[in-house]
Amino acid sequence: MSLDGHADSRPEIVLGVSGGIAAYKACELLRLFTESGHSVTVVPTRAALNFVGEATWAALSGRPVHTEVFESVHDVPHVRLGRQADLVVVAPATADVLARAATGRADDLLTNTLLTVKGPVLFAPAMHTEMWENPATVENVATLRRRGHVIVEPAVGRLTGADTGKGRLPDPQEIFAAATTLLRRGDVAPDLTDRHVVVTAGGTREPLDPVRFIGNRSSGKQGYALARAALARGARVTLVSANVALSPVAGAELVEVTTTAQLHTATLKAAEHADVVVMAAAPADFRPREYSSSKIKKSKKDDSEMTLELVANADIAADLGRRKKPGRLLVAFAAETHNGLANAMTKRAAKNADLVVLNEVGPDKAFGTDDNAVTLLGDGDPVEVPSAGKDEIADAILDAVVERLT
């Protein structure tokens with residue numbers, strides 16, 4: 001039964017909207033939900049209606065909009081909405097709503113719904129930097145996380161007025177991706193709460209000259225899916241990203257790099273206090289011995305050949321394995337075209353990795369695709385994960401991580 005009383009098998013989402021200037025972006029988020037087949041009931045706060053009117057929410061959702069507990073009392077909406085929702089998303093979540101949710105206030109329909117919800121809850125905060133960094137907000141966010149709610153940390157960028165900083169509502173597409181990850185997990189409790197997970201993603205580039213570089217075909221999609229999945233499971237995530245054409249993962253701390261040397265430095269730094277490091281990036285094994293500060297021209301005498309001298313890059317996974325602290329889990333990736341299982345087993349021993357994810361790669365296989373098939377190699381027998389979307393593959397990998405952490 002849907003929230004409006006009609007038979008409906010579609011996932012039920014309550015979209016809470018609080019009173020911040022970013023409320024207009026929730027219209028795009030609502031559109032993403034409805035166009036992908038979700039049923040959405042919008043519950044704005046009274047303040048939110050100062051930014052986007054009731055008629056807009058009703059037209060976009062196709063459902064009536066209420067803000068007060070005493071509207072349609074016979075239907076007991078303050079209890080029914082939370083009980084029947086598969087997911088509650090609050091976007092934007094102001095400092096006021098975070099405070100009221102953390103202290104269990106129930107002075108409007110949205111906060112009543114948050115007290116009765118049985119499924120997962122996702123907050124996407126948006127506010128000025130000073131408000132986000134205030135000790136009161138920091139403690140409220142920590143309280144909500146301890147209760148198993150997912151907080152998508154705000155992005156860094158232009159805020160209201162001329163100021164810039166952390167506090168901007170993340171891109172609606174990324175909030176949508178985080179929400180659908182939570183829906184896929186259902187009411188399974190977050191199992192990476194209070195864990196710090198470092199994920200590397202993308203392919204490095206080694207410059208030859210100002211125009212050319214040596215690179216690879218990694219799109220970063222699997223690494224980004226792992227970052228989203230870890231966030232949905234309650235982790236604090238640092239995403240070290242090399243050369244991708246993807247939107248930032250909402251809620252992850254993003255560290256952007258270009259070369260393998262930069263990836264090496266950034267990953268070792270991020271891993272210092274990490275519980276889990278997942279090396280999903282594809283670093284270049286070699287780099288040119290010399291870099292030309294000007295574009296390399298064809299030889300006037302003979303342009304049919306060019307000799308390029310390469311030197312080896314640092315082995316990031318091996319360095320992490322040597323420096324691994326007790327209790328830290330290292331997950332390495334092995335992209336192989338042949339003898340994959342044997343090569344991956346050798347890599348696991350050589351890198352001192354707890355888990356190796358074997359990727360069979362090739363044309364239209366793994367790199368750049370939206371699906372993947374992997375084999376997980378740990379202490380026991382290899383575990384094959386059949387072809388599935390990269391989000392599902394990410395959850396399978398993290399299932400193996402959680403099993404080893406516990």
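Residue numbers count from 1 along this sequence.
When only modelled atom types and interatomic distance are considered, Thr41 and Arg63 share a side-chain donor-acceptor pair under 3.5 Å. Residues Asp285 and Asn313 bring no donor and acceptor atom of their side chains to less than 3.5 Å of each other. For Ser241 and Tyr224, the side-chain atoms include at least one donor-acceptor pair closer than 3.5 Å. Thr259 and Glu206 share no side-chain donor-acceptor pair at under 3.5 Å. Side chain to side chain, Arg10 and Ser39 meet the donor-acceptor criterion of an N or O pair below 3.5 Å. No donor-acceptor contact under 3.5 angstrom links the side chains of Glu360 and Thr337, judged on distance only.
With respect to Arg233, the side-chain hydrogen bond (donor to acceptor under 3.5 Å, both in side chains) criterion is satisfied by exactly one of Thr181, Asp395, Thr193: Asp395.
For Phe213, the side-chain contact (heavy atoms from CB on, under 4.5 Å) partners two or more places apart in sequence, or in a different chain, are Arg205.
A donor-acceptor pair is defined here as one N or O able to donate and one able to accept, closer than 3.5 Å; no such pair exists between the side chain of Arg31 and the backbone of Cys27. Looking at Arg328, its side chain does come within 3.5 Å of a backbone N or O of Ala271 through a donor-acceptor pair. When atom types are taken as modelled, the side chain of Asn140 and the backbone of Leu98 share no donor-acceptor pair closer than 3.5 angstrom. Side-chain N or O atoms of Thr111 include one that pairs as donor or acceptor with a backbone N or O of Asp108 at under 3.5 Å. Here the side chain of Asp86 pairs no donor or acceptor atom with the backbone of Ile13 at under 3.5 angstrom.
Environment of CZ in Arg147: crowded, with over 12 heavy atoms of neighbouring residues, nucleotides or ligands closer than 6.0 Å. Remark: Asp194 CG is loosely packed, at most 12 non-hydrogen atoms of other residues, nucleotides or ligands lying under 6.0 Å away.
Electrostatic pairing of Lys351 and Asp315 counts as a salt bridge here, judged by a charged N lying under 4.0 Å from a carboxylate O. Glu139 has a carboxylate O that lies under 4.0 Å from a charged side-chain N of Arg146, or vice versa, which qualifies the two as a salt bridge.
Between Phe51 and Tyr24, the gap from one ring centroid to the other reaches at least 6.0 Å.
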